Chemist: 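One structure is given below, represented as structure tokens, and several questions about it will come after.
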Amino acid sequence: MGEMHFSDNYSDLSRQSGTDAGFQFEFYCENCNDRRRSGFVPYRGGQVSGWLGRAAGMFGGVLGNAGNAVEGLAEAGYGNARDAAFTEAMEAAKVHFHRCARCHQYVCDVCWNKAKGLCLNCAPSAEVEIEAARAAGELQGAAEKATAAGLARGQAMDVERDRQLICPDCGAHTNGAKFCPECGSKLATLSACPACKATISPDAKFCPECGEKLK
């Protein structure tokens, strides 16, 4: 068989020998990696050698010699048979793939901009890009609005109050609550002196700033 022109966007799944010998090729899009597999074409010479090889394993002798001879013939004819099957598979695959004139990759119908004659990587669809940009804008706008809402919530929170994050009785995480969510113990929270408004701890008997008796 003469020379063949072919691309590299395929995998050869063929088997030269054995009872499942045959030719099969898988072509794939170099953009999205979608694949198309050609129909299986049996390689009779390889299959016969496989069956004789099995028989030789059981009976040996003459069958073994015959198996070796058939295997030699199968190997000799494999190249031409494979090229013929590959050529046929390529012809069938051509209608599903396009070669981009800019990046020279082979892409499938889905990844092909028919109007521009280029792949979608080199010539993206304006309509698709518009929708993608709109979605990105919506996401950015929602994030900005959520950030503003979070700032408003944060500004309304009491940030002066100290929080006891671990319950001293059971060791549970309190998440800043006034009572332990696990055992119900009252947690230490700072308060203000009724006389001078200084911050005092809940177990203080006198204000450390003005000496006011608290309890």
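As the structure is a prediction and not an experimental result, all values here were calculated from the model.
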Chemist: Taking side chain as C-beta onward, heavy atoms only, is Phe27 less than 4.5 Å from Met90?
Modeler: yes
Chemist: Using a 4.5 Å cut-off on heavy atoms from C-beta on, say whether the side chain of Gln105 contacts that of Asn9.
Modeler: no
Chemist: Looking only at non-hydrogen atoms, find the nearest pair between Cys108 and Cys29 and report the distance.
Modeler: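 Distance-wise, the nearest heavy atoms are N-SG, 3.3 Å.
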Chemist: Side chains of Cys119 and Glu30: closer than 4.5 Å at any heavy-atom pair?
Modeler: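 No; the side chains remain at least 4.5 Å from each other.
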Chemist: Is the shortest side-chain heavy-atom distance between Lys94 and Tyr106 below 4.5 Å?
Modeler: no
Chemist: Which pair of non-hydrogen atoms, one from Ser11 and one from Tyr28, has the smallest distance, and what is that distance?
Modeler: OG-CE2, 4.4 Å
Chemist: Is it true that atom CZ of Arg35 has more than 12 heavy atoms of other residues, nucleotides or ligands lying nearer than 6.0 Å?
Modeler: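 Yes, CZ of Arg35 has more than 12 neighbouring heavy atoms, counting only those of other groups under 6.0 Å.
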Chemist: Looking at Arg82 and Asp12, what are the two nearest heavy atoms and their distance?
Modeler: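 In terms of heavy atoms, the two residues are closest at NH2-OD2, 2.8 Å.
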Chemist: How many angstroms lie between CD in Glu182 and CG in Asp169, if you round to the nearest 0.5 Å?
Modeler: 12.5 Å
Chemist: Out of curiosity, Asn31 CG to Phe97 CZ, how far, rounded to the nearest 0.5 Å?
Modeler: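 Interatomic distance, Asn31 CG to Phe97 CZ, rounded to 0.5 Å: 11.5 Å.
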Chemist: Ignoring hydrogens and angles, tell me if any N or O in the side chain of Ser38 forms a donor-acceptor pair with the backbone of Phe25 under 3.5 Å.
Modeler: yes
Chemist: Looking at every heavy atom in both Cys100 and Leu118, which two are closest together, and how far apart are they?
Modeler: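 So the two residues come closest at SG-CD2, 3.8 Å.
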Chemist: Check whether any side-chain heavy atom of His173 sits under 4.5 Å from a side-chain heavy atom of Ile166, and report yes or no.
Modeler: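 A side-chain contact exists here, since the closest heavy-atom pair is under 4.5 Å.
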Chemist: Nearest heavy-atom pair of Gly117 and Trp112: which atoms, and what distance?
Modeler: O-CH2, 3.2 Å
Chemist: Is there side-chain contact between His104 and Arg99, with heavy atoms separated by less than 4.5 Å?
Modeler: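 Of all side-chain heavy-atom pairs linking Arg99 with His104, at least one is under 4.5 Å.
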Chemist: Please check if atom CD in Glu88 has more than 12 non-hydrogen atoms from other residues, nucleotides or ligands closer than 6.0 Å.
Modeler: no
Chemist: Taking C-beta and beyond as the side chain, do Phe86 and Ser14 meet within less than 4.5 Å on heavy atoms?
Modeler: no
Chemist: State, yes or no, whether a side-chain contact exists between Ser185 and Cys170 at a heavy-atom distance under 4.5 Å.
Modeler: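 Ser185 vs Cys170: side chains apart.
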Chemist: For the backbone of Leu120 and the side chain of Asn113, can you confirm whether one donor and one acceptor N or O come within less than 3.5 Å of each other?
Modeler: no
Chemist: Closest heavy-atom contact between Phe206 and Gly211?
Modeler: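 Result for this residue pair: CD2-O, 3.5 Å.
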